[in-house]
Amino acid sequence: MDREGRDHDGDLMAAGEPDFDFDFVVVGSGAAGMTAALTAALRGLRTVVLEKTEFFGGSTARSGGGVWVPGNAVLSRCGVTDTAEQASRYLGHVAGEDTPATLRAAFLEHGPEMLDLVLANTPVDFTWVPNYADYYPEAPGGRAGGRSVEPKLLDASVLGADVTSLRPRYLPAPAGITVTQANYRWMSLGTSHPRAITTTARVTGRMIVSRLRHRQLLSMGQSLAAGLRAGLTKAGVPVWLSTPMTGLEISGGRVTGVRAMRDGQPIVIRAARGVLLATGGFERNAEMRHRYQRAPIGTEWTVGSPGNTGDGIEYGAAAGGALTLMDDAWWGPSIPLPGGPVFCLAERSLPGSIFVNAAGERFMNEAAPYVDAVHAMYERHTDDNPHIPCWMIADQRYRNRYVFTGVPPRKPLPRRWYSSGAVVRAGSLAELAGQIGVSADGLAKTVDGFNEFARTGKDADFGRGDSAYDRYYGDPSCKPNPNLAALAEPPFYAIKIVPGDLGTKGGLRTDERARVVRDDGSVIPGLYAAGNTSALVMGRSYAGPGATIGPAMTFGYLAALDAVSGG
Ligand SMILES: Cc1cc2nc3c(=O)[nH]c(=O)nc-3n(C[C@H](O)[C@H](O)[C@H](O)COP(=O)(O)OP(=O)(O)OC[C@H]3O[C@@H](n4cnc5c(N)ncnc54)[C@H](O)[C@@H]3O)c2cc1C
């Protein structure tokens, strides 16, 4: 069968012996793929992982490494009390409209056992991220204290020589600096809170010690990817880098193998028990983005991994797999800086900043979950009143207190940010508005109103600071509302905001065993999909920190179990 979906019975494999013979072929070396391969190998399947690029880890290695799996052993160990009933109610509430209940139930039932397997068979350990709230903590079953775990620091020596093939993290950092998610929350507060200062001191101390000991510590997604990779080595699973899948082999209606390029040669690999497509999303494929997603869209605003060009989705669809949610993504407001986009996280929740459209008006709770924030940008965007880009407006007090995309408080922002037009600075709001083409009257009125909200502590327009999630990235020393402060101290800053993403979320439709299904719901034998190659269990929503990686790992695990059981 080729990319256009034609079934070549009597194909390469039928014509002769395949070049390689495995039970389970996993395509893609991210969280979904590596978890699946580990599971399959531990259950006795001869397994191989193919990775298109020269690095393993995909977006997973670039990521924060957060894992949202309610009811797992790490949460219990950390004293988080939760019940299956609460988690189910919550997921049903936030994702219910767009996902079948069977998928949600499978995720919640098997997620904890998947994490047990990873804990028992890899060097990576996890810990609860204290109070990193669910994204809708006030929804039924939601948890303000959070259900997210993150990988603990991991010594890169577990990888041996493979350390050079670990996909680099998304933002470069000084050598030896390893920041966990929990550290980031406090460090973003700069010098405005005692905990920020102690956390920064601790992270700096850790950097000095690890440099002196010539140790490389990994955190977040790099720790997760390295831990899974080390587990694969121990389980005897080969990971073939620079080996792109170039097609599926189908015989008698069943997916029987994969075609790929290895060392510049076409090869055929038999997969006796099945093929898992775990090639990530299509965030780096401009043609697919234009075909499926709303304008304006391209590939320049994503922070997803360079190899994620939708290959698994296209090959799976050509084999008859149904596609769903293709217009959506793990969106997030992002700053188009000259070196590449920066995903805006704590920056937009901290007090002393607002987002405005071309009319100079606020149009959302700036601290809202990031998928919702970009949905708001697209939904309100019109030719008459553009919301793409929109602008984050902040004052000098904000710059004096907080870290801004890695730049310490008070330190001037890099000149190239200004020359690129991503950041603009002016002595007055009116001047700033003129420079960015935003209504000066509108902006003045908006800031007056917002400054009054800051004084009273209540955002009467959008409720910023009402949710425990908003407050997680707020400044606890800012009273009466940790997310609200007046914009009053010149100079003022305008930062360009575009609809970025962590990756796309639409893809192949799968069942509760991660089997790819056709439009009529029938299963394509031998074909599985997980992670961002599949349309995940979150529907259009994002339940909490780690809600892409948690399901990716769980459905990878379930695919492997199904292949083990004979498919
Ligand atoms: C900066 C950043 C922070 C994030 N933080 C979090 C977080 O904390 N928690 C969370 O849940 N999510 C987070 N995300 C999102 C999350 O990383 C992804 O949704 C998730 O890792 C996707 O996993 P995956 O296994 O589907 O794909 P990936 O990890 O992207 O792996 C896919 C792999 O497949 C390979 N591939 C593609 N095509 C082929 C082919 N033809 N043949 C062989 N290989 C191929 C790719 O090169 C890639 O290595 C973050 C993302 C980013 C970028």
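First listed ligand is number 1; within each ligand, the first listed atom is number 1.
Residue contacts with ligand 1: Tyr542 is included, with a non-hydrogen atom under 4.0 Å away. At a 4.0 Å cut-off, at least one heavy atom of Tyr170 sits close enough to ligand 1 to count as contact. Ligand 1 has at least one atom lying under 4.0 Å from a heavy atom of Gln181. Using 4.0 Å as the threshold, Gly550 has no heavy atom nearer than that to any atom of ligand 1.
Looking at Asn121, its side chain never comes within 3.5 Å of a backbone N or O of Gly231 through a donor-acceptor pair. Thr199 places no side-chain N or O within 3.5 Å of a backbone atom of Asn183 that could act as its donor or acceptor partner. Of the possible donor and acceptor atoms, none in the side chain of Tyr473 sits under 3.5 Å from a partner among the backbone N and O of Arg185. Not a single donor-acceptor pair under 3.5 Å links the side chain of Ser219 to the backbone N or O of Thr180. Thr533 places a side-chain N or O within 3.5 Å of a backbone atom of Gly280 that can act as its donor or acceptor partner. Distance alone, capped at 3.5 Å, is enough to place a donor-acceptor pair between the Thr99 side chain and the Ala95 backbone.
Those atoms of ligand 1 that come under 4.0 Å of a heavy atom in Pro244, given as number and element, are 42 (N). Interface of Gly30 with ligand 1, defined as ligand atoms under 4.0 Å from a residue heavy atom, comprises 25 (O), 28 (P), 29 (O), 31 (O). Here is the list of ligand 1 atoms found below 4.0 Å of a heavy atom in Ala547: 11 (O). Close approach of ligand 1 to Gly57 is summarised as follows: ligand atoms under 4.0 Å from at least one heavy atom of the residue are 29 (O). Short contacts between ligand 1 and Ala32, defined as distances under 4.0 Å to a heavy atom of the residue, involve ligand atoms 25 (O). Interface atoms of ligand 1 facing Arg62, defined by a heavy-atom separation under 4.0 Å, are 1 (C), 2 (C). Heavy-atom proximity to Gly28, at under 4.0 Å, picks out these atoms of ligand 1: 33 (C), 34 (O), 35 (C), 44 (N). Each of the following atoms of ligand 1 lies closer than 4.0 Å to a heavy atom of Thr53: 47 (O).
For atom 28 (P) of ligand 1, the nearest non-hydrogen atom of the protein is Ser59 N, 3.5 Å. Here the protein heavy atom with the shortest distance to atom 50 (C) of ligand 1 is Ser63 CB, 3.3 Å. For atom 35 (C) of ligand 1, the closest non-hydrogen atom of the protein is Glu51 OE1, 3.2 Å. Nearest non-hydrogen protein atom to atom 44 (N) of ligand 1 is Lys52 N, 3.0 Å. The protein non-hydrogen atom at the shortest distance from atom 53 (C) of ligand 1 is Val303 O, 3.2 Å. In terms of protein heavy-atom proximity, atom 27 (O) of ligand 1 is nearest to Gly280 CA, 3.5 Å. Looking from atom 18 (C) of ligand 1 to the surrounding protein, the closest heavy atom is Thr548 OG1, 3.4 Å. Atom 26 (O) of ligand 1 has Asn532 N, 2.9 Å as its closest protein atom, hydrogens excluded (heavy atom only).
Looking at ligand 1, you'll find an N or O of Gly66 within less than 3.5 Å of one of its N or O atoms. For Val27, no nitrogen or oxygen atom sits less than 3.5 Å from a nitrogen or oxygen atom of ligand 1, counting backbone and side chain alike. Of the N or O atoms in Gly64, one or more lie within a sub-3.5 Å distance of an N or O in ligand 1. The distance criterion of under 3.5 Å between nitrogen or oxygen atoms is met by Ala31 with respect to ligand 1. In terms of polar-atom proximity, defined here as any N/O pair under 3.5 Å, Phe55 makes no such contact with ligand 1.
Residue contacts with ligand 1, taken as heavy atom pairs separated by less than 4.0 Å, do not involve Pro545 at all. Within the 4.0 Å heavy-atom criterion, neither part of Pro306 lies near ligand 1. Under 4.0 angstrom from ligand 1, the non-hydrogen atoms of Asn308 all belong to its side chain. Only side-chain heavy atoms of Asp311 come within less than 4.0 Å of ligand 1; its backbone N, CA, C and O stay farther off. Neither the backbone nor the side chain of Tyr315 has a heavy atom within less than 4.0 Å of ligand 1.
Side-chain contact of Asp82 with Tyr90: a donor-acceptor pair under 3.5 Å is absent, judged by distance alone. Checked by atom type, the side-chain pair Thr324/Arg509 shows no donor-acceptor distance below 3.5 Å. Counting only N and O atoms by type, the side chains of Arg167 and Thr53 include a donor and acceptor under 3.5 Å apart. No donor-acceptor contact under 3.5 angstrom links the side chains of Tyr136 and Tyr542, judged on distance only. Side-chain N/O atoms of Ser29 and Glu51 include a donor and acceptor closer than 3.5 Å.
Here Asp501 pairs with Arg289 in a salt bridge; the nearest charged N to carboxylate O distance falls below 4.0 Å.
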- Task: Show your working on ring-ring contact (aromatic ring centres under 6.0 Å, His included) between Trp240 and Phe20 and close with a plain yes or no.
- Result: CA-CA 12 Å; Trp240 293 348; Phe20 298 92; 4.8 Å; yes
- Message: Using the rule given for side chain to side chain donor-acceptor pair (under 3.5 Å), can you reason through Arg62 versus Ser305, listing the C-alpha separation, both sets of side-chain angles and the distance that settles it, and then say yes or no?
- Response: CA-CA 7 Å; Arg62 289 163 72 86; Ser305 194; 5.0 Å; no
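Summarising the contacts of atom 29 (O) of ligand 1 with Ile549, Leu50, Thr60, the nearest heavy atom is found in Thr60. Nearest to atom 42 (N) of ligand 1 by heavy-atom distance, out of Glu54, Arg284, Glu150, Met245, is Met245.
Residue pairs satisfying the side-chain hydrogen bond (donor to acceptor under 3.5 Å, both in side chains) criterion with at least one member in residues 328-338, sequence neighbours excluded, are listed as follows: Asp328-Trp331, Asp328-His375, Asp328-Arg540, Trp330-Asn532.
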N/O donor to acceptor pairs below 3.5 angstrom from side-chain atoms of residues 545-562, sequence neighbours left out:
from: Thr554; atom 1: OG1; to: Gly550; atom 2: O; distance (Å): 2.8
from: Tyr557; atom 1: OH; to: Glu113; atom 2: OE2; distance (Å): 3.0
from: Asp562; atom 1: OD1; to: Arg513; atom 2: NE; distance (Å): 2.5
from: Asp562; atom 1: OD1; to: Arg513; atom 2: NH2; distance (Å): 2.9
from: Asp562; atom 1: OD2; to: Tyr528; atom 2: OH; distance (Å): 2.8

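Shown are Thr309, Asn308, Thr299; of these, the side chain to side chain donor-acceptor pair (under 3.5 Å) with Glu283 is made only by Asn308.
Here the side chains of Met326 and Gln293 are not in contact, with every heavy-atom distance at 4.5 Å or above.
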